[in-house]
K.L.:
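Encoded as structure tokens, here's the structure I'll be asking about.
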Amino acid sequence: MDKKNKEVRVRFAPSPTGYLHIGSARTAFFNWLYAKKKAGQFILRIEDTDIARHQEETIDIILNSLKWLGLDWNEGPESGGGYGPYRQSLRLEIYKKYADKLIEEKKAYRCFCSPESLKAERENKKDREVGPGDGKAFKYDRRCFKLSQKSIEANIESGKPFAIRFMVPENEVINFRDTVYGNITINASNIEDFIIIRTNGLPTYNYSVVVDDALMKITHVIRGEDHLSNTPKQILIYRALGFDIPDFTHLPMILGQDGQKLSKRHGSISIEKYIEDGFLKEAILNYLALLGWAYDEKTTTFSIDELIEKFELDSINKKPAKFDYDKLLWVNGYYIRNMENSVLEKLLETQIKKYLASREMSDPESSPGNLQQKIARITPLVKERIKTLKESINLVSPFFIETVYSDQSKNYFKNKNIDALKILNSIYSALDEVDDRFPAKETEGNLRLVAKNLNLNLRKVAEVTRIAIWNSPVSPPLFETMEILGKELTLRRIKDYIKIIS
RNA sequence: GGCCUGUUCGUCUAGGGGUUAGGACAGCAGGUUUUCAACCUGCCAACAGGAGUUCGAUUCUCCUACAGGCUACCA
């Protein structure tokens with residue numbers, strides 16, 4: 001069939017060694033975007049062939065992070081599909097079958113050498129090369145390929161463990177075109193006979209990935225740049241097995257601010273952590289899209305639909321990108337600011353409930369319905385002031401918990417040339433005159449009057465009030481805040497604070 | 001060591017044989033303002049270095065430097 005008309009099938013193939021890494025999330029996202037753009041299929045496959053590092057429970061974490069990001073897949077371990085199973089640990093028979101075929105065709109062979117002895121040889125070679133050396137890396141000398149049929153059988157008979165090595169053709173040139181990196185040519189003589197099936201019967205990455213991608217009819221392999229150097233090996237396998245070779249697209253790495261591969265010491269690298277810290281999936285995805293890709297010279301924010309429309313694999317650039325947390329924060333704030341209030345309310349509600357639960361309290365004075373209403377009134381006040389959902393707690397907690405004045409608040413006016421006590425007494429009476437609904441307009445009007453009478457600017461009066469009712473020099477807009485707090489609470493706090501500084 | 005790849009403001013990037021090298025984040029300054037934000041205005045700031053090709057190179061070629069990846073019975 002014409003390649004152009006073939007249905008696009010892409011895949012994301014994480015190995016369950018921890019959590020969904022921010023870099024893997026980008027890889028998944030670019031695959032997903034491409035599938036959506038081409039109305040193709042997005043396949044999820046779990047590469048769990050490394051027993052030592054494999055952790056069963058992390059599969060769920062990864063799947064949940066993908067779901068949270070909205071990167072839904074058409075075929076995968078849970079959903080199934082026509083090309084399963086979608087976990088490599090369940091496909092061992094398949095790998096074995098093709099390995100046997102390769103052995104039969106003399107394109108692979110059993111290797112009885114022990115890993116330990118080979119490792120020793122390798123080290124040895126390295127030591128000897130402290131001088132100019134011969135310019136060649138250690139390459140397995142194929143000694144097990146040269147074994148006679150008889151000794152092979154004897155070895156098998158005696159139960160001697162073996163791995164299976166791929167027989168790399170000599171003097172073969174491998175040439176492929178990467179969507180991002182362009183034409184890559186390397187000579188097979190630089191590649192040693194690498195292992196495709198380990199002694200324990202499990203396949204290695206470079207082999208299983210080919211078998212799976214081919215059998216799952218993957219048309220476009222989109223993955224991290226760390227696999228670019230592995231691609232020639234894989235192409236050799238495709239050729240040996242007579243499989244169609246897919247298109248390759250390698251994505252530049254994501255690095256930490258120090259230019260090193262993004263790792264734990266750079267801070268948050270798992271999607272989970274970003275969820276917990278109050279990031280929005282739209283913001284994360286938008287930011288990730290901009291790491292290594294740009295649409296034009298100015299656009300920095302894209303909805304998912306716009307990305308699907310505008311995203312192109314061949315405009316991805318080659319340079320590794322440093323992860324800029326500040327820019328992510330900005331993007332997140334942008335999305336919060338531009339969000340429907342009703343949507344933000346729900347998110348804030350979850351956040352606030354979690355916070356209250358962590359303090360083992362429910363909203364002290366409101367029923368659940370009241371809590372919702374209260375949050376609905378608070379939302380527009382904080383919308384432009386937060387960069388993450390989690391951050392909202394700092395700004396909003398005095399709405400929900402009793403104030404315990406900090407030392408900073410208690411001493412706030414000590415060395416300032418302000419008669420806070422006098423001002424507060426005036427404020428108290430001025431506010432007491434406002435009716436019980438405590439509308440912002442009226443409280444503001446009254447406080448302006450106080451300012452005028454005391455010959456102060458509103459700024460000073462607001463400052464004093466803010467410390468008293470909010471226990472902080474920073475708050476949401478003061479008069480709206482008092483309105484939501486209500487007359488009773490507001491006045492009570494002012495009274496409390498007066499007592500403290502008296 | 002070998003092989004592969006890359007290098008535009010601090011960061012993400014646009015651009016591309018002749019441009020005041022553009023935008024965004026961050027930073028700085030100002031405006032607005034009841035604080036903090038948001039918003040508006042302005043400023044700072046880049047083609048790694050050296051050769052070559054060319055009338056002209058940041059753009060093309062080569063070399064160097066630096067960085068990353070692979071070179072595993074990790075993925």
Side-chain angles (χ1 to χ4, degrees), chain A residues 13-15 17 47-50 52-53 111 113-115 118-119 122 125-126 129-139 161-165 178 180-182 184-187 189-192 194-200 202-206 208-209 223-233 250 252-253 255 257 259-261 287 290-301 317-331 333 337 382-387 395 444 447-448 451 457-463 465-467 470 472-479:
Chain A
S15 56
T17 51
E47 309 217 325
D48 53 351
T49 57
D50 182 357
R53 293 204 298 166
C111 176
C113 301
S114 82
L118 287 179
K119 198 176 169 196
R122 216 177 288 267
K125 166 103 177 168
K126 235 189 259 163
E129 266 180 17
V130 177
D134 60 5
K136 293 253 167 44
F138 176 88
K139 230 169 106 180
F162 62 87
I164 300 174
R165 277 183 194 273
D178 183 90
V180 171
Y181 291 92
I184 312 271
T185 305
I186 88 146
N187 198 299
S189 63
N190 291 312
I191 304 174
E192 79 168 343
F194 56 94
I195 293 196
I196 58 173
I197 303 276
R198 293 179 268 228
T199 310
N200 64 10
L202 296 174
T204 57
Y205 169 75
N206 283 121
S208 57
V209 76
R223 77 229 302 190
E225 193 261 356
D226 45 344
H227 291 301
L228 186 62
S229 301
N230 284 323
T231 307
K233 288 181 197 165
H250 288 90
M253 302 267 87
L255 311 173
Q257 278 304 310
Q260 297 300 116
K261 221 166 143 179
Y287 176 71
L290 258 19
L291 244 32
W293 178 82
Y295 172 64
D296 59 14
E297 51 182 37
K298 33 190 63 153
T299 319
T300 52
T301 55
N317 59 213
K318 306 168 167 67
K319 192 185 144 193
K322 291 179 187 162
F323 191 85
D324 186 356
Y325 190 82
D326 282 342
K327 183 135 186 184
L328 207 214
L329 270 181
W330 177 82
V331 176
R337 264 174 270 138
V382 300
K383 199 176 183 182
E384 293 188 338
R385 276 164 248 266
I386 54 173
K387 289 199 161 67
L395 197 56
E444 177 172 358
L447 288 202
R448 281 188 189 276
N457 52 24
L458 182 61
R459 183 188 226 104
K460 278 280 165 267
V461 174
E463 187 180 16
T465 315
R466 180 171 292 114
I467 296 288
W470 210 249
S472 163
V474 175
S475 78
L478 188 64
F479 306 110

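Chain identifiers are assigned alphabetically (A, B, ...) following the order of the sequence lines, protein sequences preceding nucleic acid strands; residue numbering begins at 1 within each chain.
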K.L.:
What's the gap between B/A37 and B/C43 when it is taken at their P atoms, as a whole Å value?
P.N.:
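It comes out at 23 Å once rounded to the nearest Å.
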
K.L.:
Mind checking if A/Lys119 touches a base, just sugar-phosphate, or nothing, with heavy atoms under 4.0 Å?
P.N.:
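It contacts nothing in the nucleic acid.
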
K.L.:
Does A/Thr465 make a side-chain N or O approach to OP1 or OP2 of B/U34 shorter than 4.0 Å?
P.N.:
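Checking B/U34 against A/Thr465, no side-chain N or O comes under 4.0 Å of OP1 or OP2.
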
K.L.:
Across the strands shown, which category fits A/Pro476 at heavy-atom distances under 4.0 angstrom: base, sugar-phosphate, nothing?
P.N.:
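If one applies the 4.0 Å heavy-atom cut-off, A/Pro476 turns out to touch a base.
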
K.L.:
In this structure, how many angstroms lie between the P atom of B/C36 and the NZ atom of A/Lys383, rounded?
P.N.:
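Rounded to the whole Å, the gap is 22 Å.
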
K.L.:
For the aromatic rings, using the six-membered ring if either is Trp, is the centroid distance between A/Tyr287 and A/Phe323 under 6.0 Å?
P.N.:
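Yes, they do, as the ring centres are separated by less than 6.0 Å.
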
K.L.:
If we take the P atom in both B/A48 and B/U13, what is their distance in whole Å?
P.N.:
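These two P atoms come out 15 Å apart once rounded.
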
K.L.:
Expressed in angstrom and rounded to an integer, what is the separation of A/Lys233 atom NZ from B/A75 atom P?
P.N.:
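Nearest whole value for this atom pair: 11 Å.
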
K.L.:
What one-letter contact string describes nucleotides 61-69 of chain B from 5' to 3', where B marks a base within less than 4.0 Å of any protein heavy atom, S marks contact via sugar-phosphate atoms alone, and - marks no contact?
P.N.:
-------BB

K.L.:
With a 4.0 Å cutoff (strictly under), does any side-chain N or O of A/Arg459 reach OP1 or OP2 of B/U35?
P.N.:
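The answer is yes; a side-chain N or O of A/Arg459 sits under 4.0 Å from OP1 or OP2.
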
K.L.:
Base, sugar-phosphate, or nothing for A/Thr204, non-hydrogen atoms under 4.0 angstrom?
P.N.:
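Contact class for A/Thr204: sugar-phosphate only.
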
K.L.:
Write down the protein N/O and nucleotide N/O pairs, taken from nucleotides 24-27 of chain B, whose separation is under 3.5 Å; answer none if there are no such pairs.
P.N.:
| from | atom 1 | to | atom 2 | distance (Å) |
| --- | --- | --- | --- | --- |
| B/A24 | O2' | A/Lys327 | NZ | 3.3 |
| B/A24 | N3 | A/Lys327 | NZ | 3.0 |

K.L.:
Ignoring backbone atoms, test whether A/Arg337 places a side-chain nitrogen or oxygen under 4.0 Å from the OP1 or OP2 oxygen of B/C39.
P.N.:
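For B/C39, OP1/OP2 do have a side-chain N/O of A/Arg337 under 4.0 Å.
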
K.L.:
Using only side-chain N and O atoms of A/Asn317, determine if any of them is under 4.0 Å from OP1 or OP2 of B/A14.
P.N.:
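Indeed, a polar side-chain atom of A/Asn317 lies that close.
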
K.L.:
With a 4.0 Å cut-off on heavy atoms, is A/Leu478 in touch with a base, just the backbone sugar-phosphate, or nothing at all?
P.N.:
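If one applies the 4.0 Å heavy-atom cut-off, A/Leu478 turns out to touch a base.
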
K.L.:
Are the side chain of A/Asp326 and the backbone N or O of A/Leu329 linked by a donor-acceptor pair below 3.5 Å?
P.N.:
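Here the side-chain-to-backbone pair does not exist.
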
K.L.:
Decide, yes or no, whether a salt bridge links A/Arg459 with A/Glu463 under the criterion of side-chain N to carboxylate O below 4.0 Å.
P.N.:
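A/Glu463 and A/Arg459: not salt-bridged.
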
K.L.:
Look at the side-chain N and O atoms of A/Lys322 and state whether any lies under 4.0 Å from the OP1 or OP2 oxygen of B/U11.
P.N.:
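Result: yes.
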
K.L.:
Nearest-Å distance, CD (A/Glu444) to C1' (B/U33)?
P.N.:
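So the two atoms are 11 Å apart, to the nearest Å.
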
